Amino acid sequence: MVTEQAFMVSEKVGGAEGTKLDDDFRDLERKVDVTSKAVVEVISKTSEYLQPNPASRAKLSMLNTMSKIRGQVKNPGYPQAEGLLGECMSKYGRELGEDTNFGAALVDAGETMKRLAEVKDSLDIDVKQNFIDPLQGLCDKDLREIQHHLKKLEGRRLDYDYKKKRQGKIPDEEVRQALEKFHESKEVAETSMYNLLETDIEQVSQLSSLVESQLQYHRQAVQVLEELSDKLRDRMSEAQSRPRREYIPKPKPIFDFGDNNHSNGGYSTSMAPPPSRNSESFFHMARLSFRKPGLSPEQPSCKALYDFEPENEGELGFREGDIITLTNQIDENWYEGMLNGQSGFFPLNYVEVLVPLPH
């Protein structure tokens with residue numbers, strides 16, 4: 001530091017180049033810059049890993065993890081894909097009847113999928129609390145503070161260079177004070193960067209927490225799925241061991257046509273014959289019967305399974321039961337469509353496709 005000061009003071013002022021920072025300082029600055037970019041990118045990609053759906057990511061970012069930890073909320077407030085699948089299986093399993101093999105198996109699988117959704121909720125909470133939030137804190141506090149020190153250092157460096165070039169026109173004391181302030185800022189910035197890089201074991205600990213959360217999630221998922229696999233295997237064994245029941249057709253009813261002039265529950269000969277399937281009018285009526293109000297048979301469309309509230313600009317909001325015209329598929333997770341004259345995009349897992357888009 002003393003050698004550098006002596007060099008700066010002895011430097012010829014006339015046409016002197018700007019003050020340069022030493023290589024060690026520049027190396028610290030480069031590593032801190034890489035750390036800052038890495039943290040921001042990792043936070044973003046971790047959120048995408050937890051929730052590929054952009055609307056769900058927006059809700060994840062607003063999630064109050066402390067409320068979840070204290071038991072004040074049961075889930076993060078948005079449906080997991082596993083939960084949606086579970087609700088679907090359970091619904092049709094109950095409708096089919098749990099006294100049937102397939103119906104009972106659907107109910108079992110549906111309950112398991114809902115348990116997996118709860119396990120996924122726990123993963124989201126754990127990773128946000130123990131990995132995303134600490135990294136976000138690093139961005140908001142330490143890295144922001146370092147950027148403040150570096151900005152202040154750059155200002156004092158420019159001030160010192162300006163006064164150094166005007167030496168002789170301004171008092172030497174001002175030049176000396178500008179040099180001292182420059183070195184003071186350099187030392188503060190250097191110390192803050194050094195401390196950040198030397199305590200990076202904290203970031204390693206946070207990475208370890210991420211991996212532990214993933215391991216816990218996969219252990220629980222394996223346990224839940226193995227229980228379901230055992231249940232389904234037992235059901236198949238039990239069904240295969242039971243003797244197969246033969247289908248016995250019911251007796252056909254005997255109709256007494258009686259007198260043509262009295263229907264008396266029978267068929268009247270005066271009844272008009274049904275329209276021929278070859279007739280043009282039959283096909284015309286059949287085509288009309290399949291039309292949905294406001295949509296042609298060829299118009300790609302879907303039906304909303306849940307309410308969807310737009311979280312970001314360009315999203316299309318709708319209510320459960322709305323029929324939406326499909327205009328484009330953005331990717332494997334998002335559609336674009338129109339409703340009530342409004343156009344926008346929305347998540348695929350919120351709707352049921354009625355007429356698919358042409359390939």
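Everything numeric in this text was worked out from a predicted model, so none of it was measured. The first residue of the sequence shown is numbered 1, and numbering continues consecutively from there.
Residues Val224 and Arg115 come closest through the heavy atom pair CG2-NH2, 3.5 Å. Residues Met89 and Gly110 approach most closely at CB-CA, 3.7 Å, considering heavy atoms. Closest non-hydrogen pair, Pro300 versus Pro358, comes out as CG-CD, 3.9 Å. Nearest heavy atoms, Val175 versus Lys164: CG1-CA, 4.4 Å. The nearest pair of heavy atoms linking Lys114 to Gly83 is CG-O, 4.2 Å.
Panel note: side chain Ser44, backbone Val40; no donor-acceptor pair is recorded below 3.5 Å. Proximity of a side-chain donor or acceptor of Thr35 to a complementary backbone N or O of Lys31 within less than 3.5 Å is detected. Panel note: side chain Asp331, backbone Asn333; a donor-acceptor pair is recorded below 3.5 Å. Counting only distance, with no hydrogens or angles, the side chain of Thr46 and the backbone of Val42 share a donor-acceptor pair below 3.5 Å.
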Result block: side-chain N/O donor-acceptor pairs under 3.5 angstrom for residues 202-221, not counting sequence neighbours:
| unit_1 | atom_1 | unit_2 | atom_2 | d |
| --- | --- | --- | --- | --- |
| Ser209 | OG | Ser205 | O | 3.2 |
| Ser213 | OG | Ser209 | O | 3.0 |
| Gln214 | NE2 | Tyr49 | OH | 3.2 |

Under 3.5 Å donor-acceptor pairs involving side-chain atoms of residues 140-147, not counting sequence neighbours:
| unit_1 | atom_1 | unit_2 | atom_2 | d |
| --- | --- | --- | --- | --- |
| Asp140 | OD1 | Gln136 | NE2 | 3.2 |

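Interatomic distance, CG of Asp322 versus SG of Cys302, reported as 9.5 Å (0.5 Å rounding). In this structure, CG in Leu85 is found 11.0 Å from CG in Asn349, a value given to the nearest 0.5 Å. Interatomic distance, Gln80 CD to Leu116 CG, rounded to the nearest 0.5 Å: 10.5 Å. The distance from the OG atom of Ser185 to the CD atom of Glu180 is 12.0 Å, given to the nearest 0.5 Å. A distance of 8.0 Å separates CD of Glu111 from CG of Asp108, quoted to the nearest 0.5 Å. Distance check, rounded to the nearest 0.5 Å: CD1 of Ile43 to CZ of Phe131 gives 8.0 Å.
Annotation for Met338: hydrophobic cluster partners, listed by chain and number, are none (ILVMFWY side-chain heavy atoms under 4.5 Å, direct or chained). Grouped with Val222 in a hydrophobic cluster is no other residue, since no side-chain heavy-atom contact under 4.5 Å to another Ile, Leu, Val, Met, Phe, Trp or Tyr is found. Listed by chain and number, the hydrophobic cluster partners of Val188 come to none, as no ILVMFWY side chain reaches under 4.5 Å of it.
With sequence neighbours excluded, the residues forming a side-chain contact (heavy atoms from CB on, under 4.5 Å) with Arg157 are Thr19, Glu154, Asp161, Phe182, listed by chain and number. Qualifying salt bridge (Lys or Arg N to Asp or Glu O under 4.0 Å) partners for Asp200, counting only residues two or more places apart in sequence or in other chains: none. Every residue two or more places apart in sequence or in another chain that forms a ring-ring contact (aromatic ring centres under 6.0 Å, His included) with Phe346 is listed here: Phe318. The side-chain contact (heavy atoms from CB on, under 4.5 Å) check on Leu96 picks up Thr100, Phe102, with sequence neighbours excluded. Under the side-chain contact (heavy atoms from CB on, under 4.5 Å) criterion, Asp159 pairs with Lys163, Ala178, not counting sequence neighbours. Shown here are the side-chain contact (heavy atoms from CB on, under 4.5 Å) partners of Phe25, two or more places apart in sequence or in another chain: Leu21, Asp22, Glu29, Leu150, Leu153, Lys186, Ala189, Glu190, Met193. For Glu184, the salt bridge (Lys or Arg N to Asp or Glu O under 4.0 Å) partners are Arg156, not counting sequence neighbours.
No option in Leu354, Leu326, Thr325 other than Thr325 meets the side-chain contact (heavy atoms from CB on, under 4.5 Å) test with Gln299.
Using a 4.5 Å cut-off on side-chain heavy atoms (C-beta onward), Ile324 and Tyr335 make no contact. For the pair Leu339 and Gln342, the minimum side-chain heavy-atom distance is 4.5 Å or more. Using a 4.5 Å cut-off on side-chain heavy atoms (C-beta onward), Arg94 and Val107 make contact. For the pair Glu315/Phe345, a side-chain contact is recorded, criterion being any heavy-atom separation below 4.5 Å from C-beta on. At least one side-chain heavy atom of Leu348 sits less than 4.5 Å from a side-chain heavy atom of Gln329. You'll find the side chain of Phe308 stays beyond 4.5 Å of the side chain of Val351, heavy atoms only.
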Quick one, Glu309 with Arg319, criterion salt bridge (charged side-chain N to carboxylate O under 4.0 Å, His left out). Give me CA distance, side-chain angles, the key distance, then yes/no.
CA-CA 8 Å; Glu309 297 292 343; Arg319 299 296 177 194; 2.6 Å; yes

Asp23 vs Arg26, test: salt bridge (charged side-chain N to carboxylate O under 4.0 Å, His left out). Steps then yes/no.
CA-CA 5 Å; Asp23 291 341; Arg26 289 299 186 193; over 6 Å; no

Apply the test side-chain contact (heavy atoms from CB on, under 4.5 Å) to residues Asn101 and Arg242: give CA-CA distance (whole Å), side-chain angles for both, the deciding distance (0.1 Å), then the verdict.
CA-CA 12 Å; Asn101 287 325; Arg242 286 199 303 263; 3.5 Å; yes

Give the intermediate values and the outcome of side-chain contact (heavy atoms from CB on, under 4.5 Å) for residues Glu82 and Glu87.
CA-CA 9 Å; Glu82 295 88 344; Glu87 290 291 348; over 6 Å; no

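The pair Asp230-Arg233 meets the salt-bridge criterion, since a charged nitrogen lies less than 4.0 angstrom from a carboxylate oxygen. Comment: Lys231 does not engage Glu226 in a salt bridge, judged by the lack of any side-chain N to carboxylate O separation of less than 4.0 angstrom. For the pair Arg176 and Glu173, the salt-bridge criterion is met [side-chain N within less than 4.0 Å of a carboxylate O].
Hydrophobic clustering (ILVMFWY, side-chain heavy atoms < 4.5 Å, transitive): Trp334 and Tyr350 are in one cluster. Leu197 and Leu138 fall within a single hydrophobic cluster, where Ile, Leu, Val, Met, Phe, Trp and Tyr are joined by side-chain heavy atoms under 4.5 Å apart, directly or via other members.
Summarising the local packing, OH of Tyr194 is surrounded by 12 or fewer heavy atoms from other residues, nucleotides or ligands at distances under 6.0 Å.
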